[in-house]
Amino acid sequence: MNSHPDMTPVLGGLKDFQRTTVDYVFDRFYGQHDPTSRFLVADEVGLGKTLVARGVIARTINHLWRKVDRIDIVYVCSNADIARQNVRRLSIPGFEIAAQSTRLTLLPLHLGDLQKTKVNFVALTPATSFEQTGGGGRIDERAVLYWLLDQAWGIHGSRAALYVLQDYATTASFERAIHALDRSSINQQIAADFVARLANQIREEQGAGKPDLRQRFDDLKRNFSRVDSRPGDEATKRRTRWIGELRRLLARVCIGALSPDIIVLDEFQRFKHLLEEESEAGELARHLFESNDQEGAKVLLLSATPYRGLSYHHEKDENHYADFISLLQFLENADVTGCKQILAEYSSALPAANTPAGLSRLRIAKDALETRLRRVMARTERSSVEGTNRRMLIDAPSPGASLGSVDVSAFLGAQQIADVLKHGDMVEYWKSAPYLLNFMDLYALKTALENAVDNRDIIRLVRTYPETFLDLDRARNYQELEPANPRLRGLLEETINQGMWRLLWMPLPSATTHFPAHLRWSARVSLPSGWYSRHGIWCREPLRLYYPMKPKEG
């Protein structure tokens, strides 16, 4: 297609809020006022982030059509099957034939096709393109390397070279792969760059006094000189590592050959390490982000959950604030000290928000923070685009969720025990379930309690607040137990006391996973008026909360 494409059908099919987002992202990428090269669309799940990305691509093609010879769109997601599927969804009518789905190291076979078409879609995954783990890769990758090394060192015809590059494949299958690959299909610019980069690395290794790639290759050829060679595990591992180095070298060359105009990172939170330059995968990704010699590649990130929304004090390996700052640093591609200062000002103004001066400070910090973040991110939530009667979530307070004195005593006991054990606020735990310290498992608090069974303060609190713990004597005798939790009390009121037991099918709440497995504890609400299940038949028995569960006799 040489004529200017008509993007009206693509953009016309968007909903109003999607078109608004597309126009805003495009303006941030190509507008005259302080444009950015990286942007995050964090729309809520189900609002069509892929369609927004397609709209941005359509406007980008429209913008660049007469400015560049070739427009490349790179799509990165965590799964190869999803990548192939979404490339089709992202593609623009009239350009479907140009869509490509490939590993980065197989780009030498596809770049010729890319150069023939005006618009190209390339789908990549981190695992197959950026995370060059040092393994031998696929047989077709090694076949490409074979012919590239033949250009560099003239290895064709050497059986030993064949045995080295076949890695764990059989000789026959690797020979078929070599002969099936048309040497003329390998892009000669990539081949020349690979040969030059290979020679340069060898010079650097020689200058550092280290065994270079060619020397190690000759050593491996001696180890694998015959098809029936038995060089041992160590030589086999050295061969795989050597091939892995060549794959990484080729990946870097291929990154340089790509010149993407827009890069879409879909659900990037699954491969956030690509945004961190410290890792080798992150370094490769950075080269991709900066590989365009024209205006620079535009990076569009898609994720409804781009960073952890909340972390608790005991979750030492997760930090939502550090996660957010790291993302912002990538988006702005600059120092974020200024944003940290705004966040600090916002936090310090919060306690005084009930005073006019404090509220004024808070509003100033809020406006400054919004202005800063809107430069690089946007989010649409379902409640903002649907009427109040069509929201996904509604408040449905339970009329039966009443607070009893036993609930308060249970909380006070749990909180004081947590204080003695130097753990934090128990409110959220207490709101979630009754008898927390019985039902908790694999929690740090539960472990600390088990390790402090001889602590006098703990013993005193257990005796002072018996409501915090299950009455095991009543449980073992199948006597009724106090719900000890407003939500559970409300659930009983809404289900059992409303006659739901008369229904043919009734979902029974279960907390089996919250009990120690070795005791096979379980909580169950049986049907009222004396109904219980025996061999699939409902029989009569008084309503109880049972603990622990065991077969009834008779």
Side-chain angles (χ1 to χ4, degrees), residues 14-15 17-18 20-22 24-25 28 36 38-56 74-83 85-86 89-90 123-127 130-131 262-277 279 281-282 285 289 298-333 336 339-340 343 346-347 366 369-370 372-386 390-395 428 432:
L14 298 174
K15 296 180 179 178
F17 73 91
Q18 293 170 336
T20 299
T21 304
V22 167
Y24 184 72
V25 174
R28 294 301 305 124
T36 182
R38 300 173 182 182
F39 197 91
L40 164 66
V41 173
D43 289 359
E44 191 178 349
V45 173
L47 294 186
K49 289 185 291 297
T50 302
L51 294 177
V52 169
R54 186 170 182 251
V56 174
V74 174
Y75 175 80
V76 183
C77 76
S78 59
N79 181 279
D81 293 330
I82 296 176
Q85 171 185 317
N86 282 354
R89 294 179 62 192
L90 287 170
L124 304 174
T125 66
F130 299 97
E131 298 165 7
I262 186 166
I263 302 167
V264 179
L265 305 182
D266 197 357
E267 298 296 341
F268 75 93
Q269 78 278 1
R270 299 178 181 176
F271 47 89
K272 288 189 293 188
H273 59 288
L274 292 190
L275 312 187
E276 302 166 358
E277 297 181 9
S279 65
F289 302 151
K298 309 299 182 183
V299 183
L300 178 62
L301 289 77
L302 308 177
S303 175
T305 53
Y307 54 88
R308 185 178 174 88
L310 175 66
S311 58
Y312 292 99
H313 72 284
H314 62 274
E315 296 173 322
K316 298 179 181 178
D317 294 333
E318 297 286 349
N319 187 320
H320 69 284
Y321 178 74
D323 215 14
F324 168 74
I325 291 297
S326 177
L327 171 61
L328 185 61
Q329 191 164 9
F330 173 80
L331 290 170
E332 294 190 346
N333 196 21
V336 293
C339 190
K340 290 181 181 179
L343 288 168
Y346 184 88
S347 297
K366 168 184 171 293
L369 188 59
E370 286 182 348
R372 182 75 176 255
L373 297 182
R374 282 174 176 165
R375 292 183 63 256
V376 291
M377 63 179 70
R379 177 176 174 86
T380 302
E381 296 191 349
R382 191 174 299 275
S383 60
S384 66
V385 296
E386 294 186 353
R390 296 177 58 206
R391 292 183 181 180
M392 180 180 290
L393 301 177
I394 60 173
D395 291 331
E428 294 301 325
S432 301

Output all residues satisfying side chain to side chain donor-acceptor pair (under 3.5 Å) with Lys340, sequence neighbours left out; order by chain, then residue number. none

Between the side chain of [X] and the main-chain N/O of [Y], is any donor-acceptor distance below 3.5 Å?
X	Y	answer
Arg379	Ala42	yes
Glu332	Gln329	no
Tyr75	Asp266	no
Gln269	Ala304	no
Ser347	Leu343	yes
Arg38	Lys298	no

If you look at every heavy atom in [X] and [Y], which pair is closest and at what distance?
X	Y	result
Leu331	Thr36	O-OG1, 4.0 Å
Ser78	Phe271	N-CE2, 3.8 Å
Val52	Val22	O-CG2, 3.4 Å
Tyr24	Arg374	OH-O, 2.5 Å
Lys49	Glu44	NZ-O, 3.8 Å
Leu302	Ala53	CD1-CB, 3.9 Å

Compare all side-chain heavy atoms of [X] with those of [Y] and state whether any distance is below 4.5 angstrom.
X	Y	value
Leu301	Phe39	no
Leu300	Val41	yes
Thr21	Thr380	yes
Leu40	Val376	no
Val56	Ile262	yes
Leu265	Val299	yes
Leu373	Leu328	yes

Can you tell me how far apart CD (Gln18) and CZ (Arg54) are? Round to the nearest 0.5 Å. 11.0 Å

The test is side-chain contact (heavy atoms from CB on, under 4.5 Å); show your working for Val74 and Val264 and say whether it passes. CA-CA 6 Å; Val74 174; Val264 179; over 6 Å; no

